[in-house]
**Q** 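Quick one: this structure, given as structure tokens, is what I'll be asking you about.
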Amino acid sequence: MRRLVSVSLVVALSFALASGCGSTADGPGGNDALVFHFVGWSGDAITQADSVNASSADVDVVENCCLAMGGMDLTLEHFTQTVINATFHNAEGLDITLSGYTIHFDDPRSQVGDVSLPLSAVIPGGRCRNESTRQCSTAADCRPGTVTFCDFTDTTVGSILLFDFSLKEHIPLEIYGRGQPLTITFSGRDSLNRSFNATARYTPTFANYCNCATGETCVSCPG
């Protein structure tokens, strides 16, 4: 179990980055979820200080020093940015190219404004079975006169940045230890320049966690 560290630091800053969210008005039928949607989160194959899973994360926001039992020398604890994997589904024939995403803190008491970040990834659409380059949204789009299928696969985008060092620095002390619900909106376009949004939910808990090795104690770093 990760250890929480007692802190006396008072943070009274408001952090607001540029907000941005792709329009859904020009998505086919006005209902993006029928074409492009978020499937789920995972922390598979990610090595970092913070613990992330399919629904929540423990996010360390204070970089401490580590003191070995009986020792005098200090070393820095393992302290990293927070990344996560996200899986998407594209139910149209055309590929959708992601361009960015916006992280919104649902609780206004967090004092954290919307954070917009770039993202470059392609979410492939349907492909005719045994014709891997032929795009399709239904089997009718595939080669006529044969028994065929239009196959769709989920696509995972790895190591998406959730919280960088700057954001961690500006998390208010008042929300330490409480789960913070987030709404994260991913935006992209297909080759016809139609826009799509996919919305995801996530709940991190920000706190001063100790990531020192076993037998070491977390202490405040000098200066």
**Q** Indicate yes or no: at least one non-hydrogen side-chain atom of Thr205 is less than 4.5 angstrom from one of Val59.
**A** no
**Q** Mind checking whether Phe36 and Phe88 have parallel, tilted or perpendicular rings, split at 30° and 60°?
**A** parallel
**Q** Is there a side-chain contact between Asp73 and Leu67 in this structure, where contact means two heavy atoms from C-beta onward sitting under 4.5 Å apart?
**A** no
**Q** Look only at the side chain of Arg134 and the backbone of Asn130, and say whether a donor-acceptor pair between them is shorter than 3.5 Å.
**A** no
**Q** For a 4.5 angstrom cut-off between non-hydrogen side-chain atoms, does Asp60 reach Glu77?
**A** yes
**Q** With rounding to the nearest 0.5 Å, note down the distance linking CG in Asp58 to OH in Tyr209.
**A** 3.5 Å
**Q** So, the side chain of Trp41 versus the backbone of Arg201: is there a donor-acceptor pair under 3.5 Å, distance only?
**A** yes
**Q** Could you check if a side-chain atom of Asn85 sits within less than 4.5 angstrom of a side-chain atom of Ile46, using non-hydrogen atoms only?
**A** yes
**Q** Are any non-hydrogen side-chain atoms of Leu98 and Phe196 less than 4.5 angstrom apart?
**A** no
**Q** Is there a side-chain contact between Thr153 and Pro124 in this structure, where contact means two heavy atoms from C-beta onward sitting under 4.5 Å apart?
**A** no
**Q** For residues Ile96 and Arg189, determine if any side-chain heavy atom of one lies less than 4.5 Å from a side-chain heavy atom of the other.
**A** no
**Q** May I have all residue pairs that pass disulfide bond (SG atoms under 2.5 Å apart) and include part of residues 78-107, sequence neighbours excluded?
**A** none
**Q** Please step through side chain to side chain contact (heavy atoms under 4.5 Å, CB included) for the pair Asp95 and Gln135, ending with a clear verdict.
**A** CA-CA 9 Å; Asp95 298 345; Gln135 297 176 328; 3.9 Å; yes
**Q** Could you label the plane-to-plane angle of the Phe206 and Phe163 rings as parallel, tilted or perpendicular, counting under 30° as parallel and over 60° as perpendicular?
**A** perpendicular
**Q** Report the residues that fulfil salt bridge (charged side-chain N to carboxylate O under 4.0 Å, His left out) with Arg129, sequence neighbours left out, ordered by chain and then residue number.
**A** Asp151
**Q** Which pair of non-hydrogen atoms, one from Val112 and one from Pro172, has the smallest distance, and what is that distance?
**A** CG2-CD, 4.1 Å
**Q** Membership question, hydrophobic clusters at under 4.5 Å side-chain separation (ILVMFWY): are Phe38 and Phe152 in the same one?
**A** no
**Q** When you take the SG atom of each Cys, Cys218 and Cys212, is the space between them under 2.5 Å?
**A** no
**Q** Measuring from atom CG of Leu162 to atom OG of Ser159, what distance do you get when rounded to the nearest 0.5 angstrom?
**A** 10.5 Å
**Q** Which heavy atom in Leu161 sits nearest to a heavy atom in Ile103, and how many Å separate them?
**A** O-CD1, 4.5 Å
**Q** Measure SG to SG for Cys128 and Cys136 and state whether it is below 2.5 Å.
**A** no
**Q** Which residues pass the ring-ring contact (aromatic ring centres under 6.0 Å, His included) test with Phe149, not counting sequence neighbours?
**A** none
**Q** Could you tell me whether Arg194 and Asp32 make a salt bridge, using a distance below 4.0 angstrom between a side-chain N and a carboxylate O?
**A** no
**Q** Compare every heavy atom of Pro118 with every heavy atom of Tyr101, then report the nearest pair and how far apart it is.
**A** CE2-O, 3.6 Å
**Q** Please name all residues satisfying salt bridge (charged side-chain N to carboxylate O under 4.0 Å, His left out) with Asp107, sequence neighbours left out, ordered by chain then number.
**A** Arg109
**Q** Just so I know, are the side chains of Leu182 and Asp106 near enough to count as touching, which here means a heavy-atom distance under 4.5 Å?
**A** no
**Q** For Leu192, what are the other residues in its hydrophobic cluster, where any two members join if their side-chain heavy atoms are less than 4.5 angstrom apart?
**A** Leu94
**Q** One thing to verify: whether Lys168 and Glu63 come together as a salt bridge, which I'm taking to mean a side-chain N less than 4.0 angstrom from a carboxylate O.
**A** no
**Q** For Thr87 and Thr156, test the side chains for any donor-to-acceptor distance below 3.5 angstrom and give the result as yes or no.
**A** yes
**Q** For the atom pair CD1 (Ile171) and OG (Ser166), what is the distance rounded to the nearest 0.5 Å?
**A** 10.0 Å
**Q** Closest heavy-atom contact between Thr155 and Val122?
**A** CG2-O, 4.0 Å
**Q** I need the minimum non-hydrogen distance between Cys150 and Ala139, along with the two atoms involved.
**A** CB-N, 3.7 Å
**Q** Can you hop from Phe79 to Val52 via hydrophobic side chains spaced under 4.5 Å?
**A** no
**Q** Could you tell me the separation between the CD atom of Glu92 and the CG atom of Leu34, rounded to the nearest 0.5 Å?
**A** 11.5 Å
**Q** Looking at Ile123, is its backbone amide N or carbonyl O close enough to the side chain of Asn90 to form a donor-acceptor pair, meaning the two atoms are under 3.5 Å apart?
**A** yes
**Q** The test is side chain to side chain contact (heavy atoms under 4.5 Å, CB included); show your working for Glu216 and Met69 and say whether it passes.
**A** CA-CA 6 Å; Glu216 294 182 332; Met69 184 178 299; over 6 Å; no
**Q** Run through Cys66, Pro222, Cys221 and flag the one making a side-chain contact (heavy atoms from CB on, under 4.5 Å) with Leu74.
**A** Pro222
**Q** Sequence neighbours excluded, which residues qualify as ring-ring contact (aromatic ring centres under 6.0 Å, His included) partners of His104?
**A** none
**Q** Could you give me the CA-CA distance, side-chain angles and deciding distance for Thr199 and Thr183, then say whether side chain to side chain contact (heavy atoms under 4.5 Å, CB included) is met?
**A** CA-CA 7 Å; Thr199 300; Thr183 299; 3.6 Å; yes
**Q** State, to 0.1 Å, how close Tyr202 and Ala57 come at their nearest heavy-atom pair, and which atoms those are.
**A** OH-CB, 3.6 Å
**Q** Run the side chain to side chain contact (heavy atoms under 4.5 Å, CB included) test on Gln180 and Thr203 for me, step by step, so that the C-alpha distance in whole Å, both residues' side-chain angles and the decisive distance to 0.1 Å come before the verdict.
**A** CA-CA 5 Å; Gln180 292 298 308; Thr203 306; 5.7 Å; no
**Q** Asn64 pairs by side-chain contact (heavy atoms from CB on, under 4.5 Å) with which of Val219, Asn208, Asn211, Thr217?
**A** Asn208
